[in-house]
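Structure record follows, encoded as C-alpha cells.
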Amino acid sequence: AQRLESLKKAGIDAVKFHCYFQKIEETDFQKVMELANVAVDLHMPIFIDTSYGSSDMYRYDNLRLAAFLVEKITTVPIVLLHSGGSRILEAFLLADACPNVFLETSFSLPYYIGSSVEQDMAFAYKKVSEKVIYGSDFPYVNMTTSLETFLKFSQDWKFTEAQIEGFLSSNVRKIFNV
C-alpha cells in the first residue's frame, strides 16, 4: 500500500496487472484485490492485460481476473487492454455489463485483421463505443502501422467520426478524469 501511495505521489496515474508477466494465478486473485483496493482508494484506474495466447493461456487467465475484480470495483475505471484478444466477446460482455469497464484496442486489432475476430471486434466496439480506447502496443506494433490499421478498420466498419474521436481522445479523458 505504501509503495503504491509513493508511486501515486511520484506521478504514476494507474495500476496495471499482467497475469502472464506477473504469473498471477487464480490462487493470487485475493492478493490482487487487496492491491486493487488501494488503487481504488487513490482514485487510480486499473489496467488489466487481457491478451490471450501461449501455452499459459489457461494457467494465467486474464479475463477471469478481470471478472473477479469488476464484481467488487465499481468506482474507478477498469481498462481491458487488448480487448481480450480472441476472447473479445467475453471482454465485451464485461464492458457492456459494468459501467466502469473499458476496452482497449492495442495489438489485438492489427493481429486479428482478416479473421472472424475482426467482425467480433467491430460488433463489440459498436455496442460500447463510448467505452473503447485506441492503443498501439508500441514498440511491439509499429506506431504508423497500428494507426493506419485502426483508421482503415474504422472506415471499413463504418464507425462515425464521433466514435473515432472517442476512441482516440475523449474516451481516454473519461478514464483519467480530464
Side-chain angles (χ1 to χ4, degrees), residues 7-8 10-24 39 44-57 60-63 65-66 70 76-96 98 100-178:
L7 290 170
K8 172 78 173 179
I12 302 300
D13 294 328
V15 173
K16 178 180 178 182
F17 296 107
H18 194 306
C19 290
Y20 290 164
F21 288 159
Q22 295 170 305
K23 302 204 180 309
I24 300 170
M44 298 173 79
I46 297 169
F47 289 72
I48 304 170
D49 182 298
T50 61
S51 60
Y52 193 68
S54 88
S55 60
D56 285 329
M57 68 182 147
Y60 306 117
D61 192 331
N62 296 315
L63 277 177
L65 173 63
V70 304
V76 300
I78 296 176
V79 180
L80 306 182
L81 301 171
H82 314 300
S83 297
S86 65
R87 295 166 67 190
I88 176 66
L89 295 178
E90 293 173 53
F92 154 71
L93 290 171
L94 287 173
D96 191 44
C98 304
N100 63 318
V101 175
F102 290 73
L103 300 175
E104 186 264 353
T105 69
S106 70
F107 187 78
S108 292
L109 187 59
Y111 188 78
Y112 288 106
I113 288 294
S115 76
S116 60
V117 176
E118 177 185 355
Q119 181 177 356
D120 292 339
M121 288 180 168
F123 169 81
Y125 295 164
K126 282 185 184 265
K127 289 283 194 180
V128 294
S129 63
E130 72 286 354
K131 299 192 317 175
V132 175
I133 62 172
Y134 164 78
S136 68
D137 211 23
F138 179 82
Y140 301 106
V141 177
N142 175 280
M143 191 70 172
T144 301
T145 302
S146 174
L147 187 56
E148 287 173 355
T149 301
F150 166 76
L151 292 172
K152 183 172 181 338
F153 167 84
S154 297
Q155 180 182 13
D156 290 350
W157 291 98
K158 298 180 178 24
F159 285 91
T160 67
E161 289 297 319
Q163 288 170 319
I164 295 167
E165 186 280 331
F167 299 163
L168 294 170
S169 182
S170 61
N171 295 348
V172 176
R173 289 195 302 272
K174 292 177 198 174
I175 294 166
F176 289 101
N177 240 355
V178 291

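Values below: all heavy atoms of this structure, side chains included; hydrogens, waters and symmetry mates excluded. Since the model is a prediction, treat every value here as computed from it, not as a measurement.
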- Query: Within the distance-only criterion (no hydrogens, no angle test), does the side chain of E104 pair as donor or acceptor with the backbone N or O of L80 below 3.5 angstrom?
  - Reply: no
- Item | Separation between NZ of K174 and NZ of K131, rounded to the nearest 0.5 Å | 9.0 Å
- Query: Parallel, tilted or perpendicular: which describes the rings of W157 and F153, with under 30° parallel and over 60° perpendicular?
  - Reply: tilted
- Task: Measure across F47 and A14 and return the closest heavy-atom pair with its distance rounded to 0.1 Å.
- Result: CE1-CB, 3.4 Å
- Task: Ignoring hydrogens and angles, tell me if any N or O in the side chain of N171 forms a donor-acceptor pair with the backbone of V132 under 3.5 Å.
- Result: yes
- Query: So, for I46 and A39, which heavy atoms are closest and what is the spacing to 0.1 Å?
  - Reply: CG1-CB, 4.2 Å
- Message: Donor-acceptor check, side chain of D137 to backbone of Y140, threshold 3.5 angstrom: yes or no?
- Response: no
- Item | L93 side, atom CG; I88 side, atom CD1 - distance, nearest 0.5 Å | 9.5 Å
- Are more than 12 heavy atoms from other residues, nucleotides or ligands located less than 6.0 Å from atom CD of Q119? no
- Query: Should K16 and D49 be marked as a side-chain contact (heavy atoms from CB on, under 4.5 Å) after you check the CA-CA gap, both sets of side-chain angles, and the distance that decides it?
  - Reply: CA-CA 7 Å; K16 178 180 178 182; D49 182 298; 4.3 Å; yes
- Could you walk me through whether S146 and Y134 pass the side chain to side chain donor-acceptor pair (under 3.5 Å) test, one step at a time? CA-CA 10 Å; S146 174; Y134 164 78; 2.8 Å; yes
- Message: Is it the case that the side chain of E165 and the backbone of E161 share a donor-acceptor pair, with hydrogens and angles ignored and the cut-off at 3.5 Å?
- Response: no
- Task: Please report the closest heavy-atom contact between K126 and Q163, naming both atoms and the distance.
- Result: O-NE2, 4.4 Å
- Can a donor-acceptor pair be found between the side chains of T105 and Y125 at a distance below 3.5 Å? no
- Query: How long is the gap from CZ on R87 to OG1 on T50, to the nearest 0.5 Å?
  - Reply: 8.5 Å
- Note on the structure: Closest non-hydrogen atoms of L63 and G84, given as atom of the first, atom of the second and distance, are CD1-CA, 4.3 Å
- Query: Between P77 and F102, what is the shortest heavy-atom contact and its length?
  - Reply: CB-CE1, 4.0 Å
- Query: What heavy-atom pair brings V79 and I175 nearest, and what distance separates the two atoms?
  - Reply: CG2-CD1, 3.6 Å
- Message: Regarding S54 and D56, do their side chains bring together a donor and an acceptor under 3.5 Å, going by distance alone?
- Response: no
